[in-house]
Amino acid sequence: EKASVLKTLYGPRIYSESFTTALPSILTKGQWRLHLNPKLGDFFGKDYIRLRAGVSYSFSDYFEANIEGGTYFSNPFQGESRTGLSNIKLGAKYSWWDVKESGYNLSVAYSADFPLNDPPLELTDGYARFEPSFSVSREINENPATMLYLNVAYRFINDSPFNTNPVIPIPRNRFILRPGIIYYPGGKFRYGAELEYRTTALGSIRANPEFYTDYLGTPEYTLAFESIHEIIFSPSITWFPTEEIRKGFFIPGNWDLTLNLDIPIITETHENLGVALRFRWYYDYQKQINTQLKRLRIWSRDEEL
């Protein structure tokens with residue numbers, strides 16, 4: 001009974017994703033979510049700080065769409081740098097929960113990531129990414145809530161419809177496999193762990209290596225002309241503040257914070273340790289409007305009396 005109550009109250013927050021991996025979701029029609037995802041590691045050794053910001057909206061209890069922008073600005077601890085918008089990402093996801101009472105949850109998702117303008121090369125290589133994906137999850141324990149999942153994706157890389165003038169060879173398409181686990185014992189914290197395996201072995205070479213000899217030994221050359229196999233381990237912890245704590249911040253609705261690490265286990269492209277913090281804000285505007293209208297009706301009735 002406790003697990004059922006937790007799932008009803010916190011399902012969208014616990015199961016919707018493991019940091020950035022799209023998972024089958026318990027959605028609520030009409031709900032908005034604001035995402036803020038700063039890259040904390042950029043404060044150390046980079047001239048700029050990356051901040052991704054986006055909004056998700058649930059059109060039904062099964063379908064949601066989102067839009068996200070990648071921004072960057074000067075690092076106050078590392079000197080001057082450029083500031084701007086690096087990319088726009090569009091996405092959508094359709095979920096089936098507890099398919100035919102089998103205990104399995106499924107989802108299909110699609111995202112399109114378009115680079116913009118001319119940001120630093122480390123932020124974008126000037127090529128667009130198109131990524132269809134499929135996810136399956138299953139609860140192996142209800143109390144405490146424990147879920148296993150598997151996400152399979154294929155990332156197509158192509159020219160951007162915007163004028164980005166890429167100067168590096170076009171990377172090979174990438175196959176991605178993400179098994180993971182979500183553990184929620186109740187209370188204020190949720191824990192997650194994910195392994196990401198990615199390879200370019202299934203993608204063909206689409207540039208002439210003779211034109212890019214100056215890039216020999218660089219990650220850009222490796223991604224374009226070699227078959228790589230990489231594994232990244234990503235543990236995370238999410239904090240769900242209590243209603244009493246949230247009231248102190250004067251933010252309507254509900255919100256949570258997640259700290260995520262990307263730890264390279266096997267890397268062929270000089271992958272570094274990644275540290276990221278995500279803020280998610282949930283706001284059911286229809287509920288808020290109904291609440292305000294109810295208060296207005298009560299106030300009007302009191303005035304008449």
Side-chain angles (χ1 to χ4, degrees), residues 10-39 50-72 85-97 105-116 119 123-124 127-137 149 151-158 160-162 176 178 180 182 190 192 194 196 234 236 238 240 251-260 262 276-288:
Y10 304 118
R13 303 166 67 191
I14 297 173
Y15 300 117
S16 62
E17 58 188 22
S18 177
F19 204 65
T20 56
T21 300
L23 300 180
S25 303
I26 302 175
L27 303 174
T28 302
K29 182 180 179 181
Q31 187 177 65
W32 292 90
R33 286 185 295 163
L34 171 67
H35 306 253
L36 295 176
N37 182 12
K39 284 286 186 179
R50 288 168 287 181
L51 173 64
R52 301 189 66 86
V55 174
S56 299
Y57 178 73
S58 298
F59 289 89
S60 73
D61 293 339
Y62 309 96
F63 176 73
E64 72 174 1
N66 60 79
I67 181 171
E68 184 178 274
T71 63
Y72 59 97
L85 182 66
S86 60
N87 71 298
I88 290 290
K89 185 176 182 179
L90 306 175
K93 181 176 68 175
Y94 196 95
S95 298
W96 297 268
W97 196 263
N105 318 301
L106 306 175
S107 70
V108 291
Y110 186 83
S111 66
D113 194 343
F114 303 105
L116 300 172
L123 297 183
T124 175
Y127 295 105
R129 266 74 172 169
F130 306 93
E131 185 174 314
S133 65
F134 169 81
S135 297
V136 57
S137 66
Y149 67 85
N151 174 268
V152 182
Y154 194 82
R155 185 172 298 163
F156 296 91
I157 303 176
N158 216 324
S160 172
F162 303 101
I176 303 170
R178 304 182 182 102
I182 292 174
R190 184 200 76 169
E194 179 179 283
E196 179 178 286
S234 300
S236 64
T238 300
F240 301 116
I251 301 176
N254 216 328
W255 53 272
D256 57 59
L257 284 172
T258 299
L259 177 66
N260 183 82
D262 289 329
L277 183 70
R278 181 190 62 192
F279 170 82
R280 289 191 302 182
W281 178 36
Y282 296 77
Y283 185 68
D284 190 338
Y285 74 95
Q286 292 180 338
K287 180 179 179 181
Q288 295 296 325

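- Of the possible polar contacts, none joining the N151 side chain to the S135 backbone as a donor-acceptor pair under 3.5 Å is found.
- Annotation for A276 and N37: closest pair CB-OD1, 3.6 Å, computed over non-hydrogen atoms.
- Applying the ring pair (Phe, Tyr, Trp, His ring centres under 6.0 Å) test to Y62 and every residue at least two apart in sequence or in another chain returns nothing.
- Partners of F114 under the ring pair (Phe, Tyr, Trp, His ring centres under 6.0 Å) rule, at least two apart in sequence or in another chain, are F130.
- No side-chain donor-acceptor contact under 3.5 Å links S160 to the backbone of N158.
- Residue L34 holds its CG atom at 11.5 Å from CZ of R280, rounded to the nearest 0.5 Å.
- When every heavy atom of P24 is checked against every heavy atom of W97, the shortest pair comes out as O-CZ3, 3.4 Å.
- Side-chain contact between F134 and L106 is present, with heavy atoms from C-beta onward closer than 4.5 Å.
- Shown here for S107 and S95, the closest heavy-atom pair between the two residues is CB-OG, 3.7 Å.
- Between P115 and F162, the closest side-chain pair of non-hydrogen atoms is not below 4.5 Å.
- Note that the OG1 atom of T124 and the CZ atom of R129 stand 6.5 Å from one another [nearest 0.5 Å].
- The backbone N or O of R33 lies less than 3.5 Å from no partner atom in the side chain of S56, so there is not a single donor-acceptor pair.
- Taking 4.5 Å as the limit, some side-chain heavy atom of E64 sits within range of a side-chain heavy atom of S58.
- Nearest heavy atom pair, residue T71 against residue L51, reads OG1-O, 2.7 Å.
- Proximity of S137 to N105: side-chain heavy atoms (C-beta onward) are separated by under 4.5 Å at one or more points.
- Counting only heavy atoms from C-beta outward, the side chains of F279 and P38 never approach each other to under 4.5 Å.
- Residues K89 and S111 have side chains in contact (heavy-atom distance under 4.5 Å, counting atoms from C-beta outward).
- Proximity of E131 to I176: side-chain heavy atoms (C-beta onward) are separated by under 4.5 Å at one or more points.
- With values rounded to the nearest 0.5 angstrom, N66 atom CG is found 11.5 Å from W32 atom CH2.
- Judged purely by distance below 3.5 Å, without hydrogens or angles, the side chains of D262 and N260 pair a donor atom with an acceptor atom.
- Here the closest non-hydrogen pair linking D113 and N87 is OD1-ND2, 2.7 Å.
- Looking at residues two or more places apart in sequence or on another chain, you find a salt bridge (charged side-chain N to carboxylate O under 4.0 Å, His left out) between E68 and R52.
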Could you go through T21 and E194, starting from their C-alpha distance and side-chain angles, then the distance that decides it, and tell me whether this counts as side-chain hydrogen bond (donor to acceptor under 3.5 Å, both in side chains)? CA-CA 9 Å; T21 300; E194 179 179 283; 2.8 Å; yes
Verify side-chain contact (heavy atoms from CB on, under 4.5 Å) between W96 and V108, making sure each step is shown before the conclusion. CA-CA 9 Å; W96 297 268; V108 291; 4.1 Å; yes
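- The closest donor-acceptor contact from the side chain of S86 to the backbone of G70 lies under 3.5 Å.
- Summarising the geometry of S133 relative to A153, their closest heavy-atom pair is CB-CB, 3.7 Å, with the distance given to 0.1 Å.
- Rounded to the nearest 0.5 angstrom, Q31 CD and F59 CZ are separated by 13.5 Å.
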